[in-house]
Amino acid sequence: MSQAWQRFGWGRFTEVDLFTDRYETNIVSLSQAIRAAASEEPDADGSVLFGHIKGNVVGLRYYKGVVNPGEMVGLVREPQNPYDRNAVMVTNINGNRVGHIKRELAAPMAHIMDNNLAKVEGVVYLGTTNQFNMPVTLSFWGREENKDAVTKSLARHGFKLNMGLVLAKGTGKYNQPGAFATASKKGVTIPLTAEELKNAFDNLFEGLMESKDGEREAAESVGTPLLLHQKQALSWMCARENKSALPPFWEKRGDLYYNTVTCFSAKEVPERVRGGILADDMGLGKTLTTIALILTNFHNGKPLPVEKCEKGYSPMKAATKPLTDSKLEGSSSALDEGARVSDATAASLCSDLPQAEVICVDKPDIVDLTDSSKGKAKATKRKATKVAPKLLDDLDFAAALSGSAAPDTASKKKKTAKKATPASTTAVEVPPIPESAEDLSARATLIICPLSVLSNWLEQFEQHVRANVKLNVYLYYGAERNRSQKFLSSQDVVITTYNVLSTDFGNKSPLHGIRWLRVVLDEGHVVRNPNAQMSKAVLDLKSSRRWILSGTPIQNHVKDLWMLLAFLRVKPFDVKEWWNRVIQRPVTQGDKTGLQNLQTLVKCITLRRTKSTEVNGRLLVSLPDKSIFVEQVELSQQEREEYELARSEGRNTISRYVAEGTMLGNYADVLVILMRLRQHCCHPGLLSKTSPESGAAATPTELRERLIEKLRLVLASGSDEECAVCLESVRLPVITHCAHVYCQPCIAQVICVEKETARCPLCRSEIKTSELVEFPQEEMEEDNGTNSERWRTSSKVQALLGNLLRLRCEDSSIKCLVVSQFTRFLTILETPLREHGFTFVRLDGTMSQKKRTQVIREFQSSAAESPTIMLLSLKAGGVGLNLTAASRVFLMDPAWNPATEEQCIDRCHRLGQTKKVVVTKFIVKDSVEENMVKIQRQKQDLVEKAFGSTSANRKTSRIDDIKALMEL
DNA sequence: ACCGCCGGGTGCC
DNA sequence: ACCGCCGGGTGCC
């Protein structure tokens with residue numbers, strides 16, 4: 001049993017349902033299969049080595065691409081080659097053409113490559129200095145079922161795949177450890193043990209502080225004093241932007257730069273990665289550090305030149321200053337100068353709201369904007385005003401532009417900065433990155449974040465930038481956003497969301513036309529699926545420096561890292577093929593060298609500290625204590641009877657499935673049974689009014705009704721259903737006859753590609769377009785009709801009330817989070833809270849961003865009449881939510897994923913919390929909830945990272961889980 | 001390419 | 001000589 005648990009990945013932070021989570025890893029490979037079928041790049045996972053052959057690269061003398069002994073080479077089909085449509089070009093890692101594969105071999109290779117029968121990889125060991133041709137070792141990788149076709153195809157042309165170990169001569173270097181280790185075992189690798197993998201992965205982001213350089217004081221325009229670890233982070237970030245060392249795996253050898261993993265060498269310094277991943281735990285101040293970076297490290301290491309207002313600052317007054325014009329342009333949705341967050345900003349957060357809401361503040365500006373933004377005269381004028389007073393008057397900036405020593409003011413600032421920077425670099429000195437004219441012309445930093453943290457950024461800019469400093473922060477959001485490239489690139493900071501970015505992308509996006517000084521991806525791990533439009537939009541941004549902020553950089557899988565490295569342009573791993581070859585496949589196959597390389601890679605570009613990281617024996621941040629109590633709840637006699645009735649019904653159904661071996665096919669039914677039990681534990685009002693049917697559906701209409709009901713239940717279960725195809729939250733949900741939920745477009749595509757053979761990616765049942773059932777739109781809205789029924793209490797409600805009332809007597813100032821996965825439970829709780837005179841607010845996933853911001857502000861307020869309770873839906877908000885006003889948390893029902901609960905608790909147990917945090921989990925005695933908690937505990941000890949487990953294992957485990965839950 | 005291959009020149013030694 | 005041999009031209013796909 002315990003072995004089975006190891007197969008599951010529980011590292012994800014999105015709220016997941018018991019079964020969805022398990023499916024997740026499975027889903028990934030299935031959706032890969034789907035994508036591969038759609039002839040997109042197949043993934044490295046699951047490939048086996050078919051064998052090697054020796055080939056020849058010819059035509060060397062015609063091309064200037066050079067290779068080193070042991071170097072990996074790329075093989076690129078050239079179907080358009082006028083001399084041979086089978087042509088296969090050979091390139092080095094830089095993509096420079098080296099030569100071609102000899103025609104006879106190119107013929108079968110072309111066939112194999114064009115039909116995606118195998119991935120062919122080449123390494124050159126000898127003859128790299130030959131004038132005309134050189135040998136190359138080719139290895140063929142692919143899915144087992146294609147092995148035969150590949151072997152035959154080669155044999156037809158007289159080539160025989162060799163399974164033996166191909167030793168590297170010459171350098172003695174062993175460059176494809178994964179490949180050759182596999183070869184020697186006939187395609188079966190001995191992976192690292194689960195324990196080794198777990199340790200390796202856990203350590204991937206640990207101990208990254210070791211040799212980071214010193215600390216650095218922020219520029220004086222940063223009003224908030226930085227904590228020690230934030231100064232260290234700032235120093236590290238500045239260093240990475242200014243004099244970043246060679247990228248991972250590069251060494252200087254004589255006059256050349258040499259990559260130790262790929263064996264590629266080049267005369268020129270490899271393009272350095274200006275930026276990296278700041279992966280500090282949440283609450284350590286990534287936002288503040290980033291703001292400090294923006295203000296502290298402009299060109300040539302000088303602070304960002306900013307205009308200062310000598311007198312007390314007022315956003316409204318500033319409108320009379322010379323810069324008004326450019327400011328006016330954006331101010332309807334821009335932050336007003338100085339990053340003051342005005343109500344206008346808050347309003348602009350919700351451009352999708354009725355216009356009246358947006359216009360409520362700053363009416364004149366909006367009017368101004370709408371009829372001026374297209375005026376030519378206006379644009380010219382804007383340019384003039386911008387350049388004159390704002391930029392050229394600034395001596396720092398002038399100095400930065402000319403590259404000469406700054407006049408007085410600047411050097412003074414420099415001194416302050418220097419003073420606090422102890423002789424910093426211990427690492428080998430690498431010359432500062434010379435900034436090209438193009439680089440120097442970049443001014444603005446683009447910050448992309450999820451909508452949920454947008455307001456946080458605005459608040460933090462307001463909070464941390466000195467009041468007399470005029471920082472141009474523009475919020476690029478809302479229908480009225482200013483799309484002028486001139487305007488945007490003249491800002492200091494432009495903030496936008498991933499959604500806006502990808503909406504703009506491909507639609508003459510101004511954001512993509514600008515060369516940014518810096519692009520910052522906040523919560524960078526949200527960009528995960530490389531096929532998504534969002535990823536493409538992000539990768540296409542032009543910038544000198546790139547940063548990823550993330551509290552959880554690896555969520556489940558090595559795969560997730562590719563996107564990050566590609567964004568940072570860590571060569572050559574930004575090219576998927578090299579990433580797969582050098583890192584992903586070796587790691588997924590449990591190869592130690594691969595893992596080491598991955599570790600090195602991550603270490604080089606990442607700074608990560610956790611709340612428990614110590615510096616000089618001190619914790620980075622000392623948070624107040626947190627204690628977690630479990631409060632057992634006894635059901636009343638009536639509740640117990642109802643529960644037992646449902647349980648025995650459910651057990652009967654499930655044991656029938658177990659006996660028939662059809663549990664997986666009846667996944668949704670099982671889910672529904674378990675959810676009913678969970679609902680019984682909370683409150684009878686959660687149970688759906690329609691009685692559970694049994695037996696086969698008599699009519700198609702009946703079946704349809706039943707499926708819709710299932711879909712409704714799945715969606716309402718509080719689990720954030722992820723579409724198994726696109727891996728995003730389900731949009732336009734449809735349910736299959738086998739009762740699995742997908743995005744309509746996603747599953748439609750699957751069916752379209754696979755035609756008659758289409759099968760459900762989750763359970764492999766046959767599926768047809770005609771059988772997909774959509775969720776009727778009108779029902780998407782939460783039915784509020786339940787309130788009319790007379791209200792009834794439940795044991796759990798009573799338990800909560802007891803706590804709340806006691807607490808109010810003891811200390812009425814204490815604020816509480818009341819958390820449930822069932823939003824309907826939150827609704828039910830409203831009645832008794834109101835009855836007992838509690839003031840409360842509610843935050844759930846259905847609320848608009850504006851409403852959320854307002855609710856959080858209300859709750860965080862320390863005013864006497866401010867609410868003391870927040871009813872919080874577990875899935876609402878996500879990371880980054882700051883609810884430090886609360887110091888008590890009541891978890892009304894256990895989550896399947898313990899990490900979700902942790903994350904929720906961390907919303908108040910984070911930086912800024914001054915009180916001890918007390919968490920109470922309500923668990924109904926002798927119920928499915930208790931079993932869930934047991935399972936949670938086992939999971940926590942055995943976090944598995946989606947390596948090496950087979951879907952067969954997972955399926956068995958899933959069945960075991962359900963059996964355990966039902967005590968079968 | 002210090003090869004192989006092609007095709008023209010040549011033809012006992 | 002419908003050959004052999006020589007030596008120049010040539011050379012990725």
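From a predicted model like this one, the values you see are computed outputs, not experimental measurements.
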A.B. asks: Tell me which nucleotide, if any, is Watson-Crick or G-U wobble paired with B/dG9 when both distances must be under 3.5 Å.
C.D. replies: C/dC5
A.B. asks: When the P atoms of C/dG8 and C/dG4 are compared, how many Å lie between them, rounded to an integer?
C.D. replies: 23 Å
A.B. asks: Within the side chain of A/N68, is there an N or O that forms a donor-acceptor pair under 3.5 Å with the backbone of A/E71?
C.D. replies: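 It does not hold such a pair.
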A.B. asks: Please tabulate, one pair per line, each protein N/O and nucleotide N/O from nucleotides 1-4 of chain B that are separated by under 3.5 Å, including the distance.
C.D. replies:
none

A.B. asks: Give one of base, sugar-phosphate or nothing for A/L60, where a contact means two heavy atoms less than 4.0 Å apart.
C.D. replies: nothing
A.B. asks: Only pairs at least two apart or in different chains count here, so list each side-chain hydrogen bond (donor to acceptor under 3.5 Å, both in side chains) that has a residue in residues 564-574 of chain A.
C.D. replies: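 Residue pairs passing side-chain hydrogen bond (donor to acceptor under 3.5 Å, both in side chains), neighbours aside: A/K571-A/D574.
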A.B. asks: Closest approach of A/M134 and A/G127, non-hydrogen atoms and distance?
C.D. replies: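 Looking at all heavy atoms of both residues, the shortest contact is CB-O, 3.2 Å.
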A.B. asks: Let's see if you get this right: which residues in residues 153-161 of chain A place a heavy atom under 4.0 Å from DNA chain C?
C.D. replies: none
A.B. asks: Return the stacking result for C/dC12 and A/Y62: yes when the ring centres lie under 5.5 Å apart and the planes under 30°, no otherwise.
C.D. replies: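 Answer is yes, a stack.
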A.B. asks: Consider side chain to side chain donor-acceptor pair (under 3.5 Å). Of A/E78, A/R77, A/R85, which one does A/N81 pass it with?
C.D. replies: A/E78
A.B. asks: Using only atom types and a distance under 3.5 Å, with no angle test, would you say the side chain of A/N92 pairs donor to acceptor with the backbone of A/G65?
C.D. replies: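 Answer holds: no.
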A.B. asks: Using whole Å, report how far NE2 of A/H100 lies from C1' of C/dC13.
C.D. replies: 5 Å
A.B. asks: Using atom C1' in both nucleotides, what's the gap between B/dC12 and C/dC3 to the nearest angstrom?
C.D. replies: 15 Å
A.B. asks: Knowing that exactly one of A/R518, A/R546, A/R274 qualifies, which makes a salt bridge (Lys or Arg N to Asp or Glu O under 4.0 Å) with A/E241?
C.D. replies: A/R518
A.B. asks: Give the rounded distance in Å between these two atoms: CD of A/E78 and P of C/dC13.
C.D. replies: 12 Å
A.B. asks: Could you check whether A/H52 and A/T137, counting side-chain N and O atoms only, form a donor-acceptor pair closer than 3.5 Å?
C.D. replies: no
A.B. asks: Do A/D540 and A/K536 sit within salt-bridge range, that is, some charged N less than 4.0 Å from a carboxylate O?
C.D. replies: no
A.B. asks: Roughly how many Å is it from NZ in A/K102 to P in C/dG11, rounded to a whole number?
C.D. replies: 14 Å
A.B. asks: For the base of C/dC12, is there a side-chain donor-acceptor partner from A/Y63 under 3.5 Å away?
C.D. replies: yes
A.B. asks: Rounded to the nearest angstrom, tell me the gap between atom CG in A/N130 and atom C1' in C/dG11.
C.D. replies: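 Between C1' of C/dG11 and CG of A/N130: 15 Å.
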A.B. asks: Please verify the inter-ring angle class for A/H512 with A/F505; under 30° counts as parallel, over 60° as perpendicular, anything in between as tilted.
C.D. replies: tilted
A.B. asks: To the nearest Å, how far apart are A/M109 CE and C/dC12 P?
C.D. replies: 19 Å
A.B. asks: Rounding to an integer number of angstrom, what distance separates B/dG9 and B/dC5 when you compare their P atoms?
C.D. replies: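 After rounding to an integer number of Å, I get 22 Å for this pair.
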A.B. asks: Can you find a donor-acceptor pair, distance only, under 3.5 Å between A/D84 side chain and C/dC13 base?
C.D. replies: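 Donor-acceptor pair under 3.5 Å: no.
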